[in-house]
Amino acid sequence: MSENLGRGRPVLVVGAGFSGLVSAYYLNKAGFQVSVIEAKEHAGGLISSIQTSDGLIETAANGLLANRDVELMLADIGVQAMETESHANRRYILREGRARRWPLSFSASLRVAWFVVRFMLARSRVQPRAKETTSAWATRVMGEEASAYLVQTALQGIYAGDPNRMSASLVFGRFFSKTNRAARAKNFR
């Protein structure tokens, strides 16, 4: 972006989440006169940390992939990037009030293993059906427990949406497409 592209024109950014703040930064660098408004008491949007008896819980992303642009932006605003601590890579799922590394019972784990076998050998039998939601698909192919504590939990963390309304074909269809399988196989050669 060239400097002074905006030549002082006013721009209002609604929301001081990560995207809003980064947008405001680049708009300001382009010469716009930027104002940011936020409905909540603090900036950050979905990104925050909550201290619990089980430890620190991140409500959204707990890391940022660093590249040259990110490093330049952080240096420009005076923020030092921190290395991620090794224990931050551990993932837990809250089930029945307890943080668990693996939230499934033995029988539900076996059903997930059976799904993996069918996925590898008879993919068409476990592929999403037309108009099937992600939670309905996961319940059908892996069972209610895996749907609730693995698939739905993961999708809420990734997409911040309702798995009872998300399209299984749109979210998972690429894993069943022959074109995508061939492209992925080519990348591993």
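Side-chain contact between Val13 and Leu21 is absent, with no heavy atoms from C-beta onward closer than 4.5 Å. Using a 4.5 Å cut-off on side-chain heavy atoms (C-beta onward), Trp137 and Met142 make contact. Taking 4.5 Å as the limit, some side-chain heavy atom of Tyr26 sits within range of a side-chain heavy atom of Asp69. Trp114 has its side chain out of reach of Val126: every pair of non-hydrogen atoms, C-beta onward, lies at least 4.5 Å apart.
Among pairs with a residue in residues 137-162, those fulfilling salt bridge (Lys or Arg N to Asp or Glu O under 4.0 Å) read Arg95-Glu145, Glu132-Arg140, at least two apart in sequence or across chains. Residue pairs satisfying the side chain to side chain donor-acceptor pair (under 3.5 Å) criterion with at least one member in residues 32-45, sequence neighbours excluded, are absent.
Summarising the geometry of Gly15 relative to Val36, their closest heavy-atom pair is O-CG1, 4.0 Å, with the distance given to 0.1 Å. In plain terms, the two heavy atoms of Ile47 and Phe18 that are nearest each other are CD1-CB, 3.9 Å.
Residues Leu155 and Trp102 share a hydrophobic cluster, clusters being chains of Ile/Leu/Val/Met/Phe/Trp/Tyr side chains in contact below 4.5 Å. Note: the hydrophobic cluster containing Leu170 does not contain Val141 (ILVMFWY, side chain heavy atoms under 4.5 Å, direct or indirect links). Residues Leu110 and Phe115 fall into different hydrophobic clusters, defined by Ile, Leu, Val, Met, Phe, Trp and Tyr side chains chained together at heavy-atom separations under 4.5 Å.
Thr134 places a side-chain N or O within 3.5 Å of a backbone atom of Pro163 that can act as its donor or acceptor partner.
Separating the OG atom in Ser135 from the CZ atom in Arg165 is a distance of 11.5 Å, to the nearest 0.5 Å. Taken to the nearest 0.5 Å, the CZ atom of Phe32 stands 12.0 Å off from the OG atom of Ser23. One finds the CZ atom of Arg125 at 15.5 Å from the CZ atom of Phe119 (value rounded to the nearest 0.5 Å). For the atom pair OG (Ser147) and CG (Asn164), the distance works out to 8.0 Å, reported to the nearest 0.5 Å. Annotation: the span from Gln127 atom CD to Ser169 atom OG amounts to 8.0 Å, rounded to 0.5 Å.
By the salt bridge (Lys or Arg N to Asp or Glu O under 4.0 Å) test, Arg118 is found to be paired with no residue, residues two or more places apart in sequence or in another chain being considered.
Ile50 belongs to no multi-residue hydrophobic cluster, having no ILVMFWY side-chain contact under 4.5 Å with any other such residue. Counting Ile, Leu, Val, Met, Phe, Trp and Tyr side chains that sit under 4.5 Å apart, directly or through other members, Ile37 shares a hydrophobic cluster with Leu12, Val14.
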task: Check the pair Ile93, Leu150 against side-chain contact (heavy atoms from CB on, under 4.5 Å), reporting the backbone distance first and the verdict last.
output: CA-CA 8 Å; Ile93 294 174; Leu150 287 182; 4.2 Å; yes
For residues 71-81, run the donor-acceptor check on the side chains, cut-off 3.5 Å, and write out each pair with its distance to 0.1 Å, sequence neighbours left out.
unit_1 : atom_1 : unit_2 : atom_2 : d
Asp76  : OD2    : Tyr25  : OH     : 2.8
Asp76  : OD2    : Lys29  : NZ     : 3.2

